[in-house]
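The structure under discussion appears below in the form of structure tokens.
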Amino acid sequence: MVEAWHSFLGNVKLRRFTVLALLIAILFLIKSMLSMLLLTFVFTYLVVNFVRFVHKHTKIPSSILVIVTYIVIIWGLYIGIINYLPQLVNQIIKMTDSLVQFYNHQNTTDFYKFVNKYVSVSSINEQVKKGVTLIFSYATSIGSMAFTFFLSFVLSFFYAVELKQLHRFSQNFKTGDFAWFFGDIEYFGRKFVNTFGVVIGAQFSIAIANTIITTICLIFMQMPQILTLSLMIFIFSLVPVAGVIVSSIPLSIIAYSEGGFKQVAYIIIMIVVVHAIETYVLNPQFMANRTELPVFYTFVVLMVGEHFFGVWGLIVGVPIFVFFLDLLDVKHIGKNKKAVETAKPD
């Protein structure tokens, strides 16, 4: 029995596979907390890397930079909620009204009359019940997401501000009979930061750049509800490849309701240009260690990710897939020293 145990400990591949399987099982058991864990990781990764960048050029203590960063974020959220949230709500209402008017206008055609007649024959009561249930579901989801966002924000703050202390305390786990276990966890942690973190961080940068460029174009095109459209574009831009395609649908509908096919043509040209900028400028710039996945693989990963993780799967599906590619030695991402050192404190 002792020999088998020592043989297991000596077999690094089998040992790490066992540890990884155990970690996946634990994550499955706490799947209700995955949103909080992922948000905490994203917040922490972005803030810690920003603080390290500023600290490198200013030499201001990291703890002070972390506190100032979070104060600025909270101040920005306060200003956004007070000044821009009412405008955002009003623009969402106006956009909904414009889409309804667009539908009513199209409803005069024979095709839409046929569709409307078919729908009216169906069980109206059941549809109403489903609609009410959906409204309550959305309201609950928004409240739950806000609470998750708050907890993740607080956890990321404590992690970032106590990064050195956490590192020193974590070294205690590397002593004792189970040092191998925590060593393997650290190995997977570094891999996770080195792949998932690099990809998701780059995707956020690309999404911000996409949103700024597209918003400027929409302003020149005099499109309505700019705030709402900008928020929608940013959310869709977090989804690799498919986000550009999906965002073109509501943009085209709104453009058609505002200016007809001519405006739709401008929207399509703008999307093509922005997508070209993303492909040939932003990806090489922000994702120096880019995934370079074929489009087919990307779409398959997005579909599987959405099936298992819902909306989160569309955002984190590709980074998780890249993480496993790195573990399996199929494709290594982010092997430069700077990316690796993001797992270490200053």
Side-chain angles (χ1 to χ4, degrees), residues 20-50 66 69-70 73-74 76-77 80-81 85 88 92 133-163 166 185 188-189 191-208 211 231-243 246-247 291 298 301-324 342-343:
L20 179 61
L22 179 61
L23 291 175
I24 293 175
I26 293 174
L27 290 175
F28 179 79
L29 292 175
I30 60 171
K31 59 183 177 181
S32 60
M33 300 176 61
L34 282 182
S35 293
M36 184 183 68
L37 294 176
L38 288 171
L39 274 177
T40 302
F41 173 79
V42 171
F43 291 157
T44 305
Y45 181 85
L46 296 177
V47 170
V48 168
N49 279 276
F50 171 75
V66 170
T69 300
Y70 276 88
I73 293 174
I74 293 173
L77 289 173
I81 292 173
L85 185 60
L88 181 63
I92 291 175
T133 303
L134 189 62
I135 291 174
F136 278 109
S137 176
Y138 280 143
T140 305
S141 298
I142 292 174
S144 176
M145 194 63 193
F147 182 69
T148 300
F149 181 91
F150 173 76
L151 283 181
S152 302
F153 189 79
V154 173
L155 286 174
S156 67
F157 169 75
F158 285 118
Y159 184 96
V161 80
E162 296 183 337
L163 191 60
L166 284 172
I185 291 179
F188 289 120
K191 283 279 188 181
F192 189 78
V193 172
N194 197 37
T195 54
F196 186 98
V198 168
V199 175
I200 201 74
Q203 192 60 42
F204 263 86
S205 301
I206 292 172
I208 292 173
T211 303
L231 178 62
M232 179 193 70
I233 291 166
F234 174 74
I235 294 174
F236 282 133
S237 296
L238 293 175
V239 182
V241 182
V246 176
S247 65
T291 60
T298 302
V301 170
L302 291 176
M303 288 188 293
V304 174
E306 193 278 334
H307 176 74
F308 286 103
F309 301 106
V311 177
W312 264 113
L314 296 174
I315 299 175
V316 303
V318 171
I320 289 176
F321 181 68
V322 172
F323 167 67
F324 279 102
T342 55

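For the single chain, residues carry numbers from 1 onward in sequence order. Worth knowing before you read on, the calculation uses all heavy atoms, side chains too, and leaves out hydrogens, waters and symmetry mates.
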task: Apply side chain to side chain contact (heavy atoms under 4.5 Å, CB included) to Leu37 and Leu27, showing your working.
output: CA-CA 10 Å; Leu37 294 176; Leu27 290 175; 4.2 Å; yes
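In this structure, Phe204 and Tyr45 have side chains that are not in contact, with every pair of non-hydrogen atoms separated by 4.5 Å or more.
Qualifying side chain to side chain donor-acceptor pair (under 3.5 Å) partners for Ser237, counting only residues two or more places apart in sequence or in other chains: none. Qualifying side chain to side chain contact (heavy atoms under 4.5 Å, CB included) partners for Leu20, counting only residues two or more places apart in sequence or in other chains: Ile24, Phe188, Phe324, Leu327. Listed by chain and number, the residues in a side chain to side chain donor-acceptor pair (under 3.5 Å) with Ser156 are Tyr70 (sequence neighbours excluded). When the ring pair (Phe, Tyr, Trp, His ring centres under 6.0 Å) test is applied to Phe323, the partners found at least two apart in sequence or on another chain are Phe192. For Ser152, the side chain to side chain contact (heavy atoms under 4.5 Å, CB included) partners at least two apart in sequence or on another chain are Met36, Leu39, Thr40, Phe43, Thr148. Every side chain to side chain contact (heavy atoms under 4.5 Å, CB included) that Ile74 has, sequence neighbours left out, goes to Phe153.
Shown here for Val47 and Thr69, the closest heavy-atom pair between the two residues is CG1-CG2, 4.4 Å.
Expressed to the nearest 0.5 Å, how far OG of Ser35 lies from CG of Leu151 amounts to 12.0 Å.
When each of Phe157, Phe158, Tyr159 is paired with Thr44, the side-chain contact (heavy atoms from CB on, under 4.5 Å) condition holds for Tyr159 and for no other.
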